[in-house]
Participant: 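Right, I'll just put the structure down here and ask away after.
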There are 2 protein chains.
Amino acid sequence: MIRAEVAQELRRRGIRVTAQRMAVAEAILGGHEHLTVQEIYQRVKERFPHITIGTIYNTLEVLTSSGIVQPLPFPRGTKYDTNMEPHINLVCIRCGHIEDVRDEEGLLQRLAQEASHCSGYRTVSHHMDIYGFCPRCSS
Amino acid sequence: MIRAEVAQELRRRGIRVTAQRMAVAEAILGGHEHLTVQEIYQRVKERFPHITIGTIYNTLEVLTSSGIVQPLPFPRGTKYDTNMEPHINLVCIRCGHIEDVRDEEGLLQRLAQEASHCSGYRTVSHHMDIYGFCPRCSS
DNA sequence: TTTACTGCAAAGGGTTTGCATGAGG
DNA sequence: CCTCATGCAAACCCTTTGCAGTAAA
């Protein structure tokens with residue numbers, strides 16, 4: 001997703017498009033994925049030195065409920081994912097690096113459908129992590 | 001897993017079997033699944049009024065690294081799962097209730113294997129959540 | 001007896017909140 | 001203009017840490 005699309009999506013939802021919100025969105029969407037809240041804060045502060053962590057949290061909540069980013073809960077804080085396609089997060093338990101793996105065969109979807117079907121849950125979203133050692137940390 | 005098995009597993013690993021540790025294990029394993037740390041603390045305090053939250057965290061770390069329980073990271077704190085079989089957690093985004101769904105066909109396993117294979121990660125464990133509304137909260 | 005665990009207290013880090021000021025539509 | 005977002009500060013968890021006393025093996 002790019003800048004113009006973010007602005008459009010916010011407007012469509014009647015949410016104000018502010019410079020700070022766009023800066024947060026660009027920090028996350030611009031290349032580097034899976035940033036922590038602190039990392040986002042540090043980046044946005046380069047452009048808005050007076051912005052506070054409260055505004056970052058506020059904006060992340062807005063972007064999340066607008067379907068633009070996705071929070072990934074971890075023991076030591078939330079990271080944000082910009083990949084809204086169904087996918088799996090490969091998490092390195094040594095260095096913390098996260099890699100996305102696309103769900104080529106649609107197995108994730110199938111699994112989610114089946115599970116919700118036989119449980120009576122009305123499914124909204126799902127999330128899969130695999131923990132292990134990345135190639136670099138394996139050696 | 002039952003009381004005697006927990007004690008045995010700890011001993012096997014050279015970890016001391018204390019009354020407090022057994023109380024924590026029993027609080028989690030005894031029927032009610034997916035407790036928060038605070039809920040575990042409250043229960044154990046009925047038997048050990050002077051126990052502190054620090055000891056609860058210490059014990060949860062011991063039980064986790066002994067493969068007896070599994071931490072589930074959530075935005076507002078960790079819950080603990082006693083189901084060590086491969087399964088999916090159905091999480092109600094309204095009431096917070098969590099239900100386990102067994103991985104009948106081994107799809108989860110297959111998915112994990114494939115993902116680790118094509119990424120070069122050395123896989124240790126995996127974890128899948130589905131978010132939605134439980135039958136009670138759907139109506 | 002030796003070593004690891006407990007209880008206590010304090011600190012650390014992530015996240016939320018209340019309120020006056022300021023900017024978007 | 002009116003409403004909502006920002007910045008500032010303080011508060012609120014959740015979790016970790018250091019240390020002296022205590023219990024397990």
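Reminder, nothing fancy here: chain letters follow the sequence lines and each chain counts from 1. Every heavy atom of this structure was used, including side-chain atoms; hydrogens, water molecules and symmetry mates were not.
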Participant: Among the nucleotides dG7(D), dG7(C), dT15(D), which one has an atom lying closest to any side-chain atom of Thr52(B)?
Facilitator: dG7(C)
Participant: Taking atom P of dC8(C) as reference, at what distance in whole Å does atom CG of Asn58(B) sit?
Facilitator: 15 Å
Participant: Round to the nearest Å and state the distance from Lys45(A) atom NZ to dC8(D) atom C1'.
Facilitator: 13 Å
Participant: Using side chain to side chain donor-acceptor pair (under 3.5 Å), reason through Gln20(A) and Thr55(A) one step at a time and then give a plain yes or no.
Facilitator: CA-CA 8 Å; Gln20(A) 287 90 334; Thr55(A) 300; over 6 Å; no
Participant: Find the distance Lys79(A):NZ to dG14(C):P and express it as a whole number of Å.
Facilitator: 12 Å
Participant: Nearest whole Å is fine: how far is dG25(C) P from Arg13(A) CZ?
Facilitator: 16 Å
Participant: Would the distance check show the side chain of Gln42(B) and the main-chain N or O of Glu39(B) forming a donor-acceptor pair, the cut-off being under 3.5 Å?
Facilitator: no
Participant: For dT16(D), take OP1 and OP2 only and decide whether either is under 4.0 Å from a side-chain N or O of Tyr57(B).
Facilitator: no
Participant: Decide yes or no on side chain to side chain contact (heavy atoms under 4.5 Å, CB included) for Leu60(A) and Ile56(A), but give the supporting numbers first.
Facilitator: CA-CA 6 Å; Leu60(A) 290 172; Ile56(A) 303 291; 3.9 Å; yes
Participant: With DNA chain C as reference, determine whether Arg21(B) or Val17(A) sits nearer its 5' end, using the nearest nucleotide of each.
Facilitator: Arg21(B)
Participant: Checking side-chain hydrogen bond (donor to acceptor under 3.5 Å, both in side chains) against His34(B), which of Thr82(B), Asp100(B), Asn83(B) comes through?
Facilitator: Asp100(B)
Participant: Does a side-chain N or O from Thr78(A) land closer than 4.0 Å to OP1 or OP2 of dT15(C), or not?
Facilitator: yes
Participant: Atom CD1 of Ile53(A) and atom C1' of dG14(C): how far apart are they, to the nearest Å?
Facilitator: 9 Å
Participant: Under 4.0 Å, counting only non-hydrogen atoms across every strand here, what does Thr18(A) touch: a base, just sugar-phosphate, or nothing?
Facilitator: sugar-phosphate
Participant: Please report the closest heavy-atom contact between Pro73(B) and His127(B), naming both atoms and the distance.
Facilitator: CD-CE1, 4.0 Å
Participant: Quick check for you: among dT15(C), dT3(C), dG25(C), whose closest atom lies nearest to any side-chain atom of Arg16(A)?
Facilitator: dG25(C)
Participant: In whole angstrom, give the distance that lies between atom CZ of Arg11(A) and atom P of dG24(C).
Facilitator: 12 Å
Participant: Using a cut-off of less than 4.0 Å, is there contact between a side-chain N or O of Gln20(A) and OP1 or OP2 of dG7(D)?
Facilitator: yes
Participant: Expressed in angstrom and rounded to an integer, what is the separation of Tyr41(A) atom OH from dG13(C) atom P?
Facilitator: 15 Å
Participant: Which residue lies toward the 5' end of DNA chain C, Ile15(B) or Arg76(A), if each is placed at its nearest nucleotide?
Facilitator: Ile15(B)
Participant: Once you round it to whole Å, what is the distance between P of dC14(D) and CD of Glu39(B)?
Facilitator: 11 Å
